[in-house]
Each structure stands twice: as C-alpha cells, then as structure tokens.
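Below is one structure, written out as structure tokens, with a few remarks after it.
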Protein chains: 2
Amino acid sequence: MKEHNKMMYYFRKWATITEEDEARIRSAFEPISIKKKKDLLVKDQVCEYNYFIVKGCMRTFFIDKKGNEQIFQIRMDNNWIADLESFFSQKPSKYNIEALENSSLLRISYKNFEHLLADIPALEKYFRVLFQKAYVNTLNRLTATMWESAMDRYNEMLKENPEIFQRVPLIYIASFLGITPESLSRIRKQI
Amino acid sequence: MKEHNKMMYYFRKWATITEEDEARIRSAFEPISIKKKKDLLVKDQVCEYNYFIVKGCMRTFFIDKKGNEQIFQIRMDNNWIADLESFFSQKPSKYNIEALENSSLLRISYKNFEHLLADIPALEKYFRVLFQKAYVNTLNRLTATMWESAMDRYNEMLKENPEIFQRVPLIYIASFLGITPESLSRIRKQI
DNA sequence: TGAATTTCTTAACATACATCAATTTAATTT
DNA sequence: AAATTAAATTGATGTATGTTAAGAAATTCA
C-alpha cells in the first residue's frame, strides 16, 4: 500500500485524520496504472473516478471547432485529475484525459467519494481547501490569459512550473498557454 | 434578521442544518450596506471578510500595466463575493471590490469563518460544493476565453446571464469578457 | 432643469498572434 | 540502425481585436 502514502501525507497537511479514518480512506482508493498515450477518460463517457496521480503525467483536452486538440490541464505527481464537471454530475464528459507518461494513479468512484466524505468530515475540509485553492489558481490563470501577453505567460510558467518543461513537449505547453506551437517557438527565439 | 433568510435557504440546499446550527450561523454574519461606487475592498488591504450579497451588485477589478481597470468578477443578488486569495491567506489583496449599486450584504470575518466551519461540518460541505462549482465555472470561462471568439463569448453571456445586461454598463461587461468597449460595440452592431 | 460626467459608438490605423506551407530536428518503433 | 512518426522551427501572409481620437447619447449631479 505504499502508493497511498503520499496521498495520506497530503490529506494530513490540511485535515486531521485518525488511524481508523486512514484505514477507511486507504481501502476506498484503488491503485491503477496506465501506459503513455492511453486514455483515462474519453469524450461522451461519464467520468466515473476522481484520480490522484502517484507518479506520472496527464493532460485534459478537447477538440475545438477547427479540429485542433486544445489542452487546459496538465498534471503531474501528487496532484488530482478528473473532469469534475462530469464526475460530480455523473453526466457525459466534454473532454479527454490522456497519459503523457506511464503513470500510476489511485482512483475513487463517485459513490465511494460521496460516502467517504460523508463518513469523514475532515476530508470535506481537505477538499474544500483543495477546490478553494484550485478556484483561486484558475482565476489567476484567467486574468493572465485575458490581460497579459503570451510572452509574459510563458515566462511566468517557466518560473512557476519549470518541471513541466522537462517532461512535456512544447506543442502541449503552447496549447496550455492558449497559443499555437509556431507562436511559442517565436517567443522562445526572442529570449 | 430577514437579510439572513435567503442565505440560510442556500445553505440548506446543499447541507443539513439543524435549528441550533442556524442560530449559530445567523449570529456569525453581520448585515452591512454599501452605497453605489463605494469600495468594499481596496488594493493592498487585507480582505477581512467574506460577503454574501443579499441585494445589489459588485465588481472586482485591478489596474493593468496600461492603467486600465480590468474586471474579472461581477456578482449580484444571492452570490458570494470576496478576494478569496487575500481572505484565506490574510495577506494584502491585489484587487478592488466596488459596489455598482446600493447594496446590502452579510459579512463574516476570517476568524469567524474558520470557527464556524470547524463547529458546523455541514458548512464545510456547503463551501466544498460551492468552491467545486466555482472552480468548474472558472475553468469553462478560461477555455472559452482561450479558444472561442469574443462574439461567441458575448452571445453566451447574453444567453446565460441576461440580467447582468439590465444592471451593468457595457464598458464593464466588455472588460469582463476580456475585450475593449470599442470591440464590444462593433460586435453588437454585427448582431 | 441645465451642466457635468459617464457611457456608447464610429472610423482610421496598429499589432499580437494565427494560419499555411515547408523544412529541420528529435524521438519512437521495427 | 534504418525507417517512421512526432516535435520544433521558420517565413510569408491573414485576421481578430486593440489603440487613438472624436462625437453622440444617456445618466447623474447641483
């Protein structure tokens, strides 16, 4: 059960978990692994699970009107990934989630998630704080996208998230920044 | 205490609140009113309160590099408003929050908020779900900003949020959409 | 109610980033 | 290691939206 250790560490960071809770939590999460380029979620499927990435890298994308894949989430070790809109509504997803590396994850089904949070109020607090932070981050990303240049966004990402550049191709990073690979290439040439 | 009724109604929608809890909650929120054009929060101040808008309209904005006010939140009746980044960190805010109408609000201080949630786990669930939804909404707004045209975003806002057009000047709506008033004017002419 | 201020519109021109097409470089597969 | 595929770069050109400036319309204030 060593896959669970890091996740438990993060739970404990923002919530008080008893020994008893810990056993209950561990048993609710199932370890899985996924190969590079395989799909964790496919458009029009219901997102049945919420995933904790133990080790690996995942992207969330959709196909836009012009037929291009557009990526808005890239997540690596010790982060959560899912289409929460589909997961919490249990309706078909608009997105695909794909592994960018061979990855190992922990997953919990929607039903188990709801039961677990009902049983362990400390986890409500953990996820309240998690979503609160995710919301604030996304608002910051939104204001940057609206009112900062692509070059400024690139530089900030390079500073705040250098590891992603070691592990993810630039074509994906370009999309994540909301620009084309050609534009990113030109930005990089200027620096 | 009729200001609190609508807020209690929303708490009850997603959380189970006892009579005893209700009294505790009501006493934690203080009613205030604010005149049009007055500030609820000023840049570099700590956002000391989280606010529930009983009736009225508020905007959150900052001054960009070129000296223009840029608005990323517009909230009306029965919604929450604060700079959550400042509120939860209790560090100075990057933003201003201003009343667009004479408004009545309920406010809760950071300390009281933390105590209240510790005392009433059902509220943890309420705010977990609230932030979860706010996060999903903001991600949808982000993808629209990155990969849809300003005209599409305008039309969607008109459809999803018609009331805002009755109550808020177009210069503010333009900024909220991430464009200039001139661009919005041209978009409207085309329709 | 008239003056002042704010909001909205229009036009000419500017610019950041996109698109299309071709080539080079790097990574993956057999 | 060769062949294939994917990623990255470069140049020429296009376009949505920004900028500047001015005036009209609407709202607020005295």
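Closest-nucleotide positions on DNA chain D for B:S183 and B:K36 were compared, and the one nearer the 5' end corresponds to B:S183.
No side-chain donor from either of B:Q190 and B:R186 sits under 3.5 Å from a side-chain acceptor of the other. For the residue pair B:N112/B:R107, the side-chain donor-acceptor check at 3.5 Å is not satisfied. Checking A:N140 against B:K94 by side-chain atom types alone, a donor-acceptor pair falls below 3.5 Å.
Residue A:R188 contributes atom CZ, which lies 8 Å from atom P of D:dA8 at whole-angstrom precision.
Relative to the axis of its first five pairs, the axis of the last five pairs of the helix from C:dT1-D:dA30 to C:dT30-D:dA1 sits at 60°, rounded to 10 degrees.
Scanning residues 146-158 of chain B for heavy-atom distances under 4.0 Å to DNA chain D yields B:S149, B:A150. For the segment residues 95-105 of chain A, no residue has any heavy atom less than 4.0 angstrom from an atom of DNA chain D. Residues of residues 169-179 of chain B having a heavy atom closer than 4.0 Å to DNA chain C, listed by number: B:P169, B:L170, B:I171, B:Y172.
Across every non-hydrogen atom of B:N79 and B:R75, the tightest pair is CB-CD, 3.9 Å.
Reading DNA chain C from its 5' end, the first and the last nucleotide to sit under 4.0 Å from a heavy atom of chain B are C:dT7 to C:dA12.
Under the ring-ring contact (aromatic ring centres under 6.0 Å, His included) criterion, A:F176 pairs with no residue at all, not counting sequence neighbours. Residues satisfying the ring-ring contact (aromatic ring centres under 6.0 Å, His included) criterion with A:Y126, sequence neighbours excluded, are A:F11, A:W14. For B:R153, there are no side chain to side chain donor-acceptor pair (under 3.5 Å) partners at least two apart in sequence or on another chain. Under the rule for a ring-ring contact (aromatic ring centres under 6.0 Å, His included), B:Y172 has no partner lying at least two apart in sequence or in another chain.
Under the 4.5 angstrom side-chain criterion for Ile, Leu, Val, Met, Phe, Trp and Tyr, B:V46 has no cluster partners at all.
B:K66 has a side-chain polar atom (N or O) that falls below the 4.0 Å cut-off from OP1 or OP2 of D:dT19.
Listed by first then second residue, pairs satisfying ring pair (Phe, Tyr, Trp, His ring centres under 6.0 Å) with a partner in residues 135-168 of chain A read A:W147-B:F62, A:Y154-A:F165, not counting sequence neighbours.
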Apply the test side-chain contact (heavy atoms from CB on, under 4.5 Å) to residues A:R167 and A:L100: give CA-CA distance (whole Å), side-chain angles for both, the deciding distance (0.1 Å), then the verdict.
-> CA-CA 9 Å; A:R167 292 170 66 176; A:L100 295 179; over 6 Å; no

Pairs under 3.5 angstrom, nitrogen or oxygen only, protein versus nucleotides 20-26 of chain D, please.
| residue | atom | partner | partner atom | Å |
| --- | --- | --- | --- | --- |
| D:dT20 | O4 | B:E182 | OE2 | 3.4 |

